[in-house]
Amino acid sequence: FLAYSKKKRQEEAKKMKRTKQAPKEDYAARLRDIEIQLEAARCRWNQTVDECLIDSCIYEISSLYKQYQYYLRQAKNAGFTAFEGRRQTV
């Protein structure tokens, strides 16, 4: 059962890669959004005193960090460079 589901997930992932690749701008926007969310979560964590809320902030930061890693890896695989993600101001 586990081998079948793993194989099926791999096939579905390959299908998704072939059918639609996100534009590079999408990766930059997603990474920026996650950075903003991470900063907000860190601020909440620094200001929170309740034990349950501290745990909640820790899980949120961990989740956002994993999302950031995922989109960063996808962007690198798509050939995205750091310079492309920065807004140019003149």
Side-chain angles (χ1 to χ4, degrees):
F1 176 73
L2 291 176
Y4 172 77
S5 62
K6 183 177 180 182
K7 186 175 182 180
K8 186 168 181 136
R9 281 183 296 195
Q10 289 173 342
E11 289 173 1
E12 290 172 0
K14 285 180 186 178
K15 250 192 245 181
M16 287 179 65
K17 277 186 179 180
R18 282 182 281 176
T19 57
K20 187 174 181 180
Q21 292 265 340
K24 291 180 180 182
E25 295 82 22
D26 287 350
Y27 291 125
R30 288 177 183 171
L31 288 169
R32 272 192 239 93
D33 289 343
I34 293 171
E35 286 174 351
I36 292 167
Q37 292 174 17
L38 267 169
E39 182 63 30
R42 287 182 184 127
C43 287
R44 278 192 305 278
W45 179 71
N46 285 330
Q47 297 174 356
T48 302
V49 293
D50 183 70
E51 186 177 318
C52 292
L53 293 178
I54 291 172
D55 287 345
S56 172
C57 289
I58 291 169
Y59 287 120
E60 182 180 4
I61 291 168
S62 177
S63 172
L64 288 167
Y65 183 68
K66 290 295 183 182
Q67 289 177 42
Y68 189 84
Q69 286 179 325
Y70 169 78
Y71 285 114
L72 187 61
R73 186 173 54 248
Q74 294 298 315
K76 284 180 181 179
N77 290 339
F80 189 76
T81 63
F83 182 74
E84 291 176 281
R86 294 190 180 155
R87 295 182 188 167
Q88 293 185 3
T89 56
V90 178

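Throughout, residue positions are numbered sequentially from 1 according to the sequence presented. Everything quoted here is computed from the prediction, not taken from an experiment.
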Can you measure from CG (Leu72) to OH (Tyr65) and round to the nearest 0.5 angstrom? 9.0 Å

For Ser63 and Tyr59, indicate whether the former's side chain and the latter's backbone hold a donor-acceptor pair under 3.5 Å. no

In this structure, NZ of Lys66 is separated from CD1 of Ile34 (nearest 0.5 Å) by 13.0 Å

Is the closest side-chain heavy-atom distance between Glu60 and Arg44 below 4.5 Å? yes

Connected via hydrophobic side-chain network under 4.5 Å: Leu38 and Ile58: yes

Quick check for you: to the nearest 0.5 Å, what is the distance between Gln47 atom CD and Cys57 atom SG? 9.5 Å

So how far is it from Arg73 CZ to Lys76 NZ, rounded to the nearest 0.5 Å? 10.0 Å

Side chains of Tyr68 and Leu64: does their closest heavy-atom pair fall under 4.5 Å? no

To the nearest 0.5 Å, atom CZ of Arg30 lies from atom CD of Gln67 at 10.5 Å

Treat each ILVMFWY residue as a node, draw an edge where side-chain heavy atoms are under 4.5 Å apart, and state whether Tyr70 and Tyr27 are in one component. yes

To the closest 0.5 Å, what do you measure between CG (Asp26) and CD (Gln74)? 12.5 Å

